[in-house]
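Next up is a structure, given as structure tokens.
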Amino acid sequence: MDDVVVDWKVQLYTLLAALPRDRVVSYGGLAKQLDGVNARMVARAMSSLPAGSALPWHRVIRSDGHLADHDGAVEQRARLLADGIMLQGNRVPRRYFL
DNA sequence: TCGTTGACGCTAA
DNA sequence: TTTAGCGCCAACG
């Protein structure tokens with residue numbers, strides 16, 4: 001049954017890879033597109049990604065637009081700015097949401 | 001097996 | 001707009 005677990009993670013990474021460069025998505029937003037997955041599971045999947053992952057994990061933020069407070073937060077902020085996403089303090093304006 | 005933890009979401013104040 | 005409280009559920013010791 002481990003295959004089922006692996007499956008939704010693969011779908012998660014696929015959705016992430018297909019995300020437009022100038023758009024962000026919330027943990028819950030991704031979870032809604034994956035059957036039987038909630039925001040907390042998406043968050044856990046993100047935290048388990050390798051540091052040098054090629055996936056755009058930095059475009060996954062909280063539903064209220066704030067960046068999550070974690071070890072990679074500083075890098076996440078820098079990557080978002082590099083993608084042309086103008087942050088307002090520690091928040092991403094709603095217009096950037098998918 | 002069980003209690004705790006956590007890169008969350010939603011609602012009310 | 002911000003904060004607090006509660007619900008959710010897999011991972012971990």
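Lettering follows sequence order; numbering is per chain, from 1. We use all heavy atoms of the structure for the numbers below, so side chains are in, but hydrogens, waters and symmetry mates are not.
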Please determine, for the side chain of H66(A), which listed nucleotide (dC8(C), dT2(C), dA7(B)) has the closest atom?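 Of dC8(C), dT2(C), dA7(B), dT2(C) is nearest to the side chain of H66(A).
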What contact category does M46(A) fall into here, base, sugar-phosphate, or nothing, at under 4.0 angstrom with non-hydrogen atoms?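 It contacts base atoms.
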Closest heavy-atom contact between F97(A) and I61(A)?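 Smallest interatomic distance, heavy atoms only, reads CZ-CD1, 3.7 Å.
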Which nucleotide in the list dA11(C), dG9(B), dC10(B) gets nearest to the side chain of R44(A)?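 Nearest listed nucleotide: dA11(C).
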Tell me whether the OP1 or OP2 atom of dC8(B) has a side-chain N or O from S63(A) closer than 4.0 Å.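 It does not, given that no N or O in the side chain of S63(A) lies less than 4.0 Å from OP1 or OP2 of dC8(B).
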Given dC10(B), dG9(B), dA7(B), the nucleotide with the shortest approach to the side chain of A39(A):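 Nearest to the side chain of A39(A) among the choices is dG9(B).
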Please check if atom CG in D64(A) has more than 12 non-hydrogen atoms from other residues, nucleotides or ligands closer than 6.0 Å.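 Yes.
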How close or far is atom P of dA10(C) from atom CG of L12(A), stated in whole angstroms?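 In whole Å, dA10(C) P and L12(A) CG are 16 Å from each other.
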In whole angstrom, give the distance that lies between atom CG of D64(A) and atom P of dA4(C).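 D64(A) atom CG is separated from dA4(C) atom P by 14 Å.
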May I have the distance from L30(A) (atom CG) to dA7(B) (atom P), rounded to whole angstrom?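 Those two atoms, CG and P, are 17 Å apart.
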Whole-Å gap separating C1' (dA7(B)) and CG (L80(A)):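 Atom CG in L80(A) sits about 13 Å away from atom C1' in dA7(B).
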Please give me the minimum heavy-atom distance between R21(A) and D83(A), naming the atom from each residue.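 Answer, listing the atom of R21(A) first, then D83(A): NH1-OD1, 2.8 Å.
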The side chain of S47(A) lies closest to which of these nucleotides: dG9(B), dC9(C), dA7(B)?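 The answer is dA7(B).
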Nearest-Å distance for atom pair CG/C1', residues D35(A) and dA10(C):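 Value for this atom pair: 16 Å.
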Full working for side-chain contact (heavy atoms from CB on, under 4.5 Å) between H58(A) and R77(A): CA-CA 8 Å; H58(A) 57 286; R77(A) 182 183 165 82; over 6 Å; no
Could you state the CG-C1' distance from N38(A) to dA7(B), rounded to the nearest angstrom?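 Rounding to the nearest Å, CG of N38(A) and C1' of dA7(B) are 14 Å apart.
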Round to the nearest Å and state the distance from R62(A) atom CZ to dT3(C) atom C1'.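 Checked: the CZ to C1' distance equals 11 Å.
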Worked verdict on M41(A) versus Y27(A) for side-chain contact (heavy atoms from CB on, under 4.5 Å): CA-CA 9 Å; M41(A) 294 167 72; Y27(A) 295 91; over 6 Å; no
Give the rounded distance in Å between these two atoms: CZ of R91(A) and P of dT3(C).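 Rounding to the nearest Å, CZ of R91(A) and P of dT3(C) are 11 Å apart.
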R40(A) has a side chain; which of dT1(C), dC8(B), dC10(B) sits nearest to it?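 Given the options dT1(C), dC8(B), dC10(B), the side chain of R40(A) is closest to dC8(B).
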Does K32(A) or Q76(A) map to a spot on DNA chain B nearer the 5' end, using the closest nucleotide for each?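 Upstream on the strand: Q76(A).
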